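Order of the sequence lines fixes the chain letters, A, B, ..., with proteins taken first and strands second; residue numbering starts at 1 for each chain. If you're wondering where the values come from, they're calculated on a predicted model, not measured in any experiment.
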Amino acid sequence: MQEKYLPPEIESAAQAQWASKQVYRAAEASDRPKYYCLSMFPYPSGRLHMGHVRNYTIGDVLARYHTLRGFNVMQPMGWVAFGLPAENAAIANNVPPAAWTYANIDHMRTQLQALGFAIDWSRELATCKPDYYRWEQWLFTRLFEKGVIYKKMATVNWDPVDATVLANEQVIDGRGWRSGALVEKRDIPMYFFRITRYADELLSGLDNLPGWPERVKTMQANWIGKSVGVRFAFPYQLDGQDEKLWVFTTRADTIMGVTFCAVAAEHPLATRAAADNPGLAAFIAECKQGSVAEADMATMEKKGMDTGLKVTHPLTGEQVPVWVGNYVLMSYGEGAVMAVPAHDERDFGFAQKYSLPIRQVIEAGEVREAKKAIEAGGLTEKGLAQCEKVLSDSQFTPERWQVWYEEKNGVCVNSGKYDGLDYTAAVDAIAADLAALNLGEKKTQFRLRDWGISRQRYWGCPIPIVHCDNCGDVPVPADQLPVVLPEDVVPDGSGNPLNKRADFVNCTCPKCGGAARRETDTMDTFVESSWYYARYACPDFDGGMLDARANTWLPVDQYIGGIEHAILHLLYARFFHKLMRDEGLVTSDEPFANLLTQGMVIADTFCREAADGKKTWFNPADVEMRDGVAILKSDGQPVIVGGTEKMSKSKNNGVDPQALIDQYGADTARLFTMFAAPPEQSLEWSDAGVEGAHRFLKRLWKLAFEHVQGGVVAACSGGDLPDAAKTLRRQLHQTIQKVSDDIERRKQFNTAIAAVMELMNALARLEGDDAITRSVRQETLEAAAVMLSPIVPHVAEALYAELKPGVAMVWPTVDEAALVQNEIELMLQVNGKLRGQVSVAATATREVIEAAALASEAVQKYLEGQAPKKVVVVPGRLVNIVI
RNA sequence: GCCCGGAUGGUGAAAUUGGUAGACACAAGGGACUUAAAAUCCCUCGCCAGCGAUGGCGUACCGGUUCGAGUCCGGUUCCGGGCACCA
């Protein structure tokens, strides 16, 4: 055995052996239970960053642990290879996105392999390859024919200078990131997946996912946002026609408080009113500026303008003014809302700004009670005072009205026949009255909107539709798939270059054979990532999307990925799974049985801003702090310190693990990453402490080396031991218990590592070279190597091979007999404060413990001869004496 | 703005079900070994008072429940993730 720990030699030897023996290749034919361990596949941005290392190490620890536990493990890897960064790189460097992407994949695959992950590389896939997206196109055509996919208008960010659609990320402070032009909203036709048809199942299905974090399920449930409300209409007459303005509300109980309505700038009512009102037309044009992102809509200043038109309140017959509001979006709901400024914060602000009437229609329950009591009379002086206090404490203020509204525990006032009704009764009565008038009904609504998947971009999966003047939108027949994306294209940032490719665009109609045009929009990249987990089961199948192997492996037993994907990716994948189920491709209802959401690895961002507002982002590795000022190393000039954000391509704050691997080896990088924090916690990146992780591996190596030098022996398997050896062996088996639980149930690896560190510290202190002590040492080192092997596989395998040559690793089992302890120590508290300890037999009864505690010097000192008021005994933990 | 999380020593963190706050590490300081350095090993290390024994305070902030709160409840601040075209 080598005396020195030499990571480069150990790691390359181990990796070469794993590769040549294909040890991580998963076989379908196995009598062992399957364990499908999947980490979210990376976007090939160029280099790995610490977020990837963390994600894939977590997955690898779980995969390797389950292999040691006897499972047939599959851990695949691939690339979500279409996307915006490739087009940005193409514009910046004049390289085709395809070439850039494939080069990145090669580099990142090498980096992943250097980290020693137990990946079945025979299943590798890249979503930009025709043999992958072919089946996505095939499913698209099936769903199109079924009506699950449909076409409608949708609003996008339009850059009028670059004449291109912008992603939300590319709109900065309302301007295009490259041109600096003011961004406009523009309506274009897009294809949509009818995800809302599955809204109920996506919501109720969350209850069948006990292996998912509560926070993710809460976020998804809120996102889907099921609410029961009332859809109703305000009738009006315009140009001699009877029309209806439809709105939806979850608070029909406040309908009597409506003092105006607000419609979107694109609403037909607004368009009509603007026809003979230039001021309004100008305001509508203004509303069309800015991005479509919800965060921008919610934070912008709420503005409006009166259309001059009035609609009729369906219950009071009052004339209600209609305003155009810049915060109302045509594509959400009805494109119009009723406004109750007395109880809705946004409506209140709007009404104040434009001096619109505010009418209270909800009153807190206790106010109502107090008023009633006073009216009825006969109150005692004290009772009257109490009621009056309630009233004076509840003077009408907009803040109070809003609270009464939010808490839904008030009653209606100023609402005519509905006065005195509570929330439920009022909603029911009002809905019934509206229904009787044929002007409304109760309706279940979802916040979730249909999924628009058209992207006006080149580097994506072509939408398999042909536009024919005679036949309309015709799906490409299966035998003509895939519609192959040409890979020799370099986008220039002004629109989709596919539009300029006659060889791509021009085609014949599959239906009538006439000249036709191919759709040039590509699909949202979330479509590719919505089914890759299933394709890993049968990546080589060319007879269809999936074969029977998909049902062998699905559902994924453990899915691991960033919390950033809690809603969109995970919801889309769940939706897609149900689409595939309904196509008969899979039999399960949900794709991911257990989910581990990794906390973000975050790092500082640094940038410089050019005169035109364009920002250049610098990698933290290229920046240093001098006297509290961030300086770019290359030119010595200052840079702006941005926020601390998740590592990303766009902010260039990804920390490449390569330097760490080169200096210390993959095992140290893995160990350090797992030791830094528990997986679910977000982690501000710092390599301070990596020395400690490396030192531990060196110490471990040295302990094993020293033992092996004296000759390997059979591991201890119990029996009578000297005290020191017995104590160590107890700690060993406690550690096995803890590490197993930490990895399997808690999925918290930092504490598992700490426990093995403690065990190794204790082992280093164990003296004696007798046969029994050496056998305990052997048992401890063997178990430590196995317990660490999921985290640091290279060094652990090398050590195990020295300790137990020619034998395969098996996860150690806990020897219950080794755990037995005769005496335990209890903490003594007086009035909840720690005042001492007492030793008692492990079997001691409550009475014995209490007596021992009261007799102890520490407690006697505080009792001063008095009897305690109360004694609390917590078995195995402490005694608290209350005096 | 809305939804979901988080905040514990100089630093990363631990405390699993309401029961010893700070395990395990990093950094720092002191010492051993060395011609010297590196490496390694040993010791100290929440804050305040005290020579010490010990005592008081302490888990972002304010309040509450409890024999007992880092943990539960109400409110606040700051930080991170998401907000449907970054992936």
Between [options], which nucleotide gets closest to the side-chain atoms of [X]?
{"X": "A/E691", "options": "B/rA23, B/rA84, B/rA27", "answer": "B/rA27"}
{"X": "A/Q748", "options": "B/rU16, B/rC26, B/rA14", "answer": "B/rA14"}
{"X": "A/Q829", "options": "B/rU40, B/rC4, B/rU20", "answer": "B/rU20"}
{"X": "A/T525", "options": "B/rC4, B/rA87, B/rC83", "answer": "B/rA87"}

For B/rA39, does OP1 or OP2 lie under 4.0 Å from any side-chain N or O of A/R699?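 So the side chain of A/R699 is outside the cut-off, no N or O lying under 4.0 Å from OP1 or OP2 of B/rA39.
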
Side-chain N or O of A/R695 closer than 4.0 Å to phosphate OP1/OP2 of B/rA27: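 A/R695 to B/rA27 OP1/OP2: side-chain N or O found under 4.0 Å.
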
Please report the distance separating the [atom1] of [N] from the corresponding atom of [M], rounded so that it comes out in whole Å.
{"N": "B/rG74", "M": "B/rA28", "atom1": "C1'", "answer": "42 Å"}
{"N": "B/rU76", "M": "B/rC2", "atom1": "P", "answer": "11 Å"}
{"N": "B/rU66", "M": "B/rU71", "atom1": "C1'", "answer": "13 Å"}
{"N": "B/rC72", "M": "B/rG46", "atom1": "P", "answer": "27 Å"}

Aromatic ring pairing A/Y43/A/W100, orientation class (parallel under 30°, perpendicular over 60°, tilted between):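 The rings of A/Y43 and A/W100 sit tilted, inter-plane angle from 30° to 60°.
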
Pairing string of RNA chain B (Watson-Crick or G-U wobble, both atom distances under 3.5 Å; | = paired to other strand) is (((((((..(((......[....))).(((((.......))))).((((....))))..(((((..]....))))))))))))....

With a 4.0 Å cut-off on heavy atoms, is [X] in touch with a base, just the backbone sugar-phosphate, or nothing at all?
{"X": "A/W223", "result": "base"}
{"X": "A/V872", "result": "base"}
{"X": "A/V216", "result": "nothing"}

Less than 4.0 Å between a side-chain N and a carboxylate O, is that true for A/K698 and A/E3?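 The answer is no: the pair does not qualify as a salt bridge.
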
Would A/K217 pass as a cation-pi partner of A/W212, given that its NZ or CZ must be under 6.0 Å from the six-membered ring centre and within 45 degrees of the axis?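 Judged by the rule (NZ or CZ under 6.0 Å from the ring centre, within 45° of its axis), A/K217 is not positioned above A/W212.
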
In terms of the nearest nucleotide of RNA chain B, which residue is placed more toward the 5' end: A/L834 or A/I453?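 On the 5' side of the pair lies A/L834.
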
